[in-house]
Amino acid sequence: MVGPRRPQFVLFGSSIVEFSFAQEGWGAILADIYARKADIFLRGYGGWNSRQAVEVLDQVFPKDDAFQPSLVIVYFGGNDSVLPRPDGLTTHVPLPEYIDNMRKIGIRLKNLSEKTRVIFLTAPPVNEAQLLHVLGVDHRKNELCQKYADACVELCREIGIKAINLCNAFKKQDGWLTTCFTDGMHLSPIGSKIVAKEILKVILEAEWKPSLHWEALASEFA
């Protein structure tokens, strides 16, 4: 670990997280805004669902670490919400299990330290036609994305975690179907700007003490 120690922000999730530093991604936007103020750690695993995330919680977030993250931003749901297949070769996780997995993740992260804050990002919508044309897949449906997103938000209300409903946020963008994605599901720069804007809004409005908003954090060696 290089020093001095800054607040640590961890981005934990599937490909929406793994690719968040590419193509003007939302992770890169946050890293730029928080330069000299906080360190952004990327823990993104393309293709993963909430079931796999639960299995590695102890390794990614050790309880006995002396220095715990100030903020963890979690994204799982897009792969969980794909349509199931008869052969079982799918990332689909039934909705009740998805909710239970996200509850386990949320409670574990909240218990890392008294000052660890958590934000859950829900599944975003998809462009079904573009997915079929570009990737040749038709197992992602907006109806299911919305269903899993709404369930995630409701869980967050229950356990006291901040939530960002990306399904709702994207649909407020004019022309979201054609501007927010590179292939129908992964985010374009416009899609990433929406994610970053929503995250910064939550951080600004949260009554966290100390505040994690970039303007409230000191610049290193200023």
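Everything quoted here is computed from the prediction, not taken from an experiment.
Nearest approach of Lys37 to Ser219, heavy atoms of both residues: NZ-OG, 3.4 Å. The shortest non-hydrogen separation linking Ile105 to Ala53 is CD1-CB, 3.9 Å. Looking at every heavy atom in both residues, Asn165 comes nearest to Ala149 through OD1-CB, 3.7 Å. Between Ile16 and Trp26, the shortest heavy-atom contact is O-NE1, 3.1 Å. Ala151 and Leu95 make their closest contact through CB-CD1, 3.8 Å (heavy atoms, listed as atom of the first residue, atom of the second, distance). Val126 and Met185 get closest at one heavy-atom pair: CG1-CB, 4.0 Å.
Residues Tyr34 and Pro7 are not in side-chain contact: their nearest non-hydrogen atoms beyond the backbone lie 4.5 Å or more apart. Using a 4.5 Å heavy-atom threshold, the side chains of Leu204 and Glu215 count as separate. Proximity of Glu220 to Pro4: side-chain heavy atoms (C-beta onward) are separated by under 4.5 Å at one or more points. You'll find the side chain of Tyr45 stays beyond 4.5 Å of the side chain of Gln52, heavy atoms only. Side-chain contact between Ile40 and Phe21 is present, with at least one heavy-atom pair separated by less than 4.5 Å. At a threshold of 4.5 Å between non-hydrogen side-chain atoms, the residues Arg85 and His139 do not count as touching. Between Leu187 and Phe170, some side-chain heavy-atom pair lies under the 4.5 Å cut-off. The shortest distance between side-chain heavy atoms of Trp208 and Ile203 falls below 4.5 Å.
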Check your understanding: Stepwise, does the side chain to side chain contact (heavy atoms under 4.5 Å, CB included) test hold for Lys193 with Ile29?
Key -> CA-CA 8 Å; Lys193 286 179 182 177; Ile29 294 172; 4.1 Å; yes

Check your understanding: Would Arg103 and Ile99 satisfy side chain to side chain contact (heavy atoms under 4.5 Å, CB included), going step by step from the backbone distance to the final call?
Key -> CA-CA 6 Å; Arg103 178 182 286 107; Ile99 296 170; 4.2 Å; yes

Practice item. Begin with the C-alpha distance, continue with both residues' side-chain angles, and end with the deciding distance and a verdict on side chain to side chain contact (heavy atoms under 4.5 Å, CB included) for Phe19 and Thr182. Key: CA-CA 12 Å; Phe19 302 155; Thr182 59; over 6 Å; no

Practice item. Kindly determine whether Ser15 and His186 satisfy side chain to side chain contact (heavy atoms under 4.5 Å, CB included), including the steps that lead there. Key: CA-CA 8 Å; Ser15 57; His186 294 111; 3.0 Å; yes

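The environment of NZ in Lys171 is crowded: more than 12 heavy-atom neighbours from other residues, nucleotides or ligands sit within 6.0 Å. The 12-atom threshold is exceeded at NZ of Lys141, counting heavy atoms of other residues, nucleotides or ligands nearer than 6.0 Å.
Between Phe181 and Trp176, the ring planes lie perpendicular to each other; the angle is over 60°, past the 30° to 60° tilted range.
Aromatic pair Phe76/Phe12: ring centres closer than 6.0 Å.
Here the rule is side-chain hydrogen bond (donor to acceptor under 3.5 Å, both in side chains) with Ser50, and of Asn79, Thr91, Asn101, Asp100 only Asn101 fits it.
Ion pairing between Glu154 and Arg157 holds under the 4.0 Å rule for side-chain N and carboxylate O. Looking at Arg108 and Asp58, a side-chain N of the basic residue comes within less than 4.0 Å of a carboxylate O on the acidic one, giving a salt bridge.
Gln146 and Asp150 share a donor-acceptor pair across their side chains, judged by distance under 3.5 Å alone.
Figure legend: Arg5 and Phe67 shown as a cation-pi pair, the cationic atom lying under 6.0 angstrom from the six-membered ring centre and within 45 degrees of its axis.
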